[in-house]
Amino acid sequence: MAANPLTHARWQRFKANKRGFWSTWIFCLLFFLSLFAEFIANDKPLLVEYDNQWYYPIFSQYAETEFGGEFETEADYTDPYVSDLIEENGYIIWPLIRFSYDTINYNIVASVPSAPDSANWLGTDDKGRDVLARIIYGFRISVLFGVILTIVSSVIGVAVGATQGYYGGWIDLIGQRFIEVWSGMPTLFLLIILSSFVEPNFWWLLGIMVLFSWMSLVGVVRAEFLRCRNFDYVKAAHAMGVSDKRIMLRHMLPNAMVASLTMMPFILSGSVTTLTSLDFLGFGLPAGSPSLGELLAQGKANLQAPWLGLSAFAVLSIMLTLLVFAGEAVRDAFDPHRQG
C-alpha cells in the first residue's frame, strides 16, 4: 500500500534535518535502554546456576539456605560468603553494573562521596550509592514522568481548546477568563504548601502538574478551530446534519494536531525540567528516589566532589539538547513552506 503523499513529504522533511533525525533516534535508544535498568544496574544477579538448577534473582527472591547458607532470609548476593557458596557448585551472571539505585557500597575505603574508580565508574554520592546507577534509573523516571505528563496535559489541552474554538461565544469567553486566572496561580508555592500535608510521590506530583500544564496547547488548538469553523467543508458538514463531535474529530482536529505535535517535544523537555527543579529544591520525589535533581543538589552541597554535579549536568544537557533538536525536526516536518 502506497504511503500518503503528505505523510511521505513530512517524513522526508523530518529526515532532511539530520541533527534532529539522529537526535530523535539517539533519545529513543537511550530511553529504550533505560526501561531495562534492572538488567543493566542491579545488586542482584541476572542468573544463578547452582547445583544444576537455575535461579533468577531479579524476578524472584531466594533464601540463603537455597545455596547452602544458614539464614532463611533473602540471599545477599553481594556478600562474599554467599557468592563463594554459589560459585563452589555453579556460577553467577551479573549485570553490567553491580549496583542498584539504592545500593550502598560498604566496601569503599575512602570517605563518601568517593571519586570514580573501577567499581563505581562515576563515583558515589554522599550516602555511598553508585552515581551511574542512580543516573540510569533517574533518567527513566524523568522521561516517563515527562511523557505521561505531556500526553495527559495535551489531551486535556486539545479538548479544551477545541471546545472553545468550535463553539465560541460565551463558552470561549468564560474559558479564556478561567485560563487567565488559573495560569496566574503560583504553582511552585502551591506545591510547597501541599507538600507539608501530603508526602509527594510520582503520581501525586504528576496529578498536581497536570492541573497547571494542560494550558500549553489550548491557545494553538483554539486558534485553529476558530479558523476552521468558517471553512466551506465544515459548513457543508453542518448542513448535512453531521454531529458536532464528528465534525470536530474527523474534519477539524487533524488540522489542529499539526501545531500540537510540533510543540510536544518542547512540552516534554519542559516537563523533565520541572521535575528536576522540584527535586533540586526538595519538593519532588520522595527521599531516596533516583533523581537527577537530587543529584544536582548533592553536587551543590558537595563542591569537593565535582563528579556529582558534572554527571547530572551532562545527562540533563544531553537529554534536553536531544529533545530540542528532535522538536526542531518535527517542526520542520509539519511546516508546509519548507521543501524536503
Shortest non-hydrogen contact between [X] and [Y], atoms and distance:
X      : Y      : value
Ser260 : Leu217 : CA-CD2, 4.0 Å
Phe27  : Val143 : CZ-CG1, 3.8 Å
Gly161 : Val221 : C-CG1, 3.8 Å
Ile267 : Ser216 : CD1-OG, 3.6 Å

Answer yes when Arg140 and Glu38 have at least one side-chain N-carboxylate O distance shorter than 4.0 Å, and no when they do not. yes
Any chance you could measure Thr273, atom OG1, to Leu278, atom CG, to the nearest 0.5 Å? 11.0 Å
Measuring from Leu173:CG to Ile171:CD1, what's the distance to the nearest 0.5 Å? 11.0 Å
Ignoring hydrogens and angles, state whether a donor on the side chain of Asn105 or Asn120 is under 3.5 Å from an acceptor on the partner side chain. yes
Can you see whether Gln298 engages Glu294 through a side-chain donor-acceptor pair at a distance of less than 3.5 angstrom? yes
Mind telling me whether Phe67 and Tyr77 have parallel, tilted or perpendicular rings, with 30° and 60° as the class edges? perpendicular
Quick one: sort the Phe36 and Phe32 rings into parallel, tilted or perpendicular, breaks at 30° and 60°. perpendicular
Under the side-chain hydrogen bond (donor to acceptor under 3.5 Å, both in side chains) test, which residues partner [X], sequence neighbours left out?
X      : answer
Glu72  : none
Asn201 : none
Tyr166 : His238, Asp244

[X] [atom1]: over 12 foreign heavy atoms closer than 6.0 Å:
X      : atom1 : result
Arg177 : CZ    : yes
Trp25  : CH2   : no
Asp232 : CG    : no

Would you mind reporting whether [Y] and [X] have side-chain heavy atoms less than 4.5 Å apart?
X      : Y      : answer
Glu74  : Glu64  : no
Trp54  : Leu47  : yes
Phe225 : Gln164 : no
Trp182 : Met185 : yes
Phe139 : Ser34  : yes
Arg250 : Lys245 : no
Met252 : Phe231 : no
Phe202 : Leu285 : yes

Run the side-chain contact (heavy atoms from CB on, under 4.5 Å) test on Ile179 and Trp214 for me, step by step, so that the C-alpha distance in whole Å, both residues' side-chain angles and the decisive distance to 0.1 Å come before the verdict. CA-CA 10 Å; Ile179 289 175; Trp214 58 269; 3.9 Å; yes
Starting from [X] and following side-chain heavy-atom contacts under 4.5 Å between hydrophobic residues (I, L, V, M, F, W, Y), which residues can be reached?
X      : result
Ile104 : Tyr106
Leu226 : none
Val112 : Ile108

Check: [X] side chain, [Y] main-chain N or O, donor-acceptor pair, under 3.5 Å:
X      : Y      : value
Ser83  : Pro80  : yes
Asn17  : Phe21  : no
Arg13  : Ala333 : yes
Ser289 : Ser291 : no

Please step through side-chain contact (heavy atoms from CB on, under 4.5 Å) for the pair Thr274 and Phe145, ending with a clear verdict. CA-CA 10 Å; Thr274 300; Phe145 182 89; 5.7 Å; no
Is the distance from the ring center of Phe39 to that of Phe59 below 6.0 Å? yes
Pairing residues for Tyr62 by the ring-ring contact (aromatic ring centres under 6.0 Å, His included) criterion, not counting sequence neighbours: Tyr55
Please list, chain by chain and in numerical order, all residues satisfying ring-ring contact (aromatic ring centres under 6.0 Å, His included) with Phe266, sequence neighbours excluded. none
Start with the C-alpha distance between Met263 and Val220, add both sets of side-chain angles, then the distance that settles side-chain contact (heavy atoms from CB on, under 4.5 Å), and finish with yes or no. CA-CA 10 Å; Met263 293 184 62; Val220 293; 3.9 Å; yes
Go through the steps for Gln176 and Arg222 under the test side-chain contact (heavy atoms from CB on, under 4.5 Å), then give the verdict. CA-CA 10 Å; Gln176 285 300 101; Arg222 171 179 171 270; 3.6 Å; yes
Side chains of residues 86-102: which donor-acceptor partners sit under 3.5 Å, not counting sequence neighbours?
none

Name each donor-acceptor pair under 3.5 Å that joins a side chain in residues 149-159 to protein atoms two or more places apart or in another chain, with its distance.
| from | atom 1 | to | atom 2 | distance (Å) |
| --- | --- | --- | --- | --- |
| Thr150 | OG1 | Gly146 | O | 2.6 |
| Ser153 | OG | Leu149 | O | 2.5 |
| Ser153 | OG | Thr150 | O | 3.3 |
| Ser154 | OG | Thr150 | O | 2.5 |

Side-chain donor-acceptor distances from residues 310-323 under 3.5 Å, at least two apart:
| from | atom 1 | to | atom 2 | distance (Å) |
| --- | --- | --- | --- | --- |
| Ser311 | OG | Trp307 | O | 2.5 |
| Ser317 | OG | Phe313 | O | 2.7 |
| Thr321 | OG1 | Ser317 | O | 2.6 |

If the condition is side chain to side chain contact (heavy atoms under 4.5 Å, CB included), which residues does Ser183 pass it with, not counting sequence neighbours? Met215
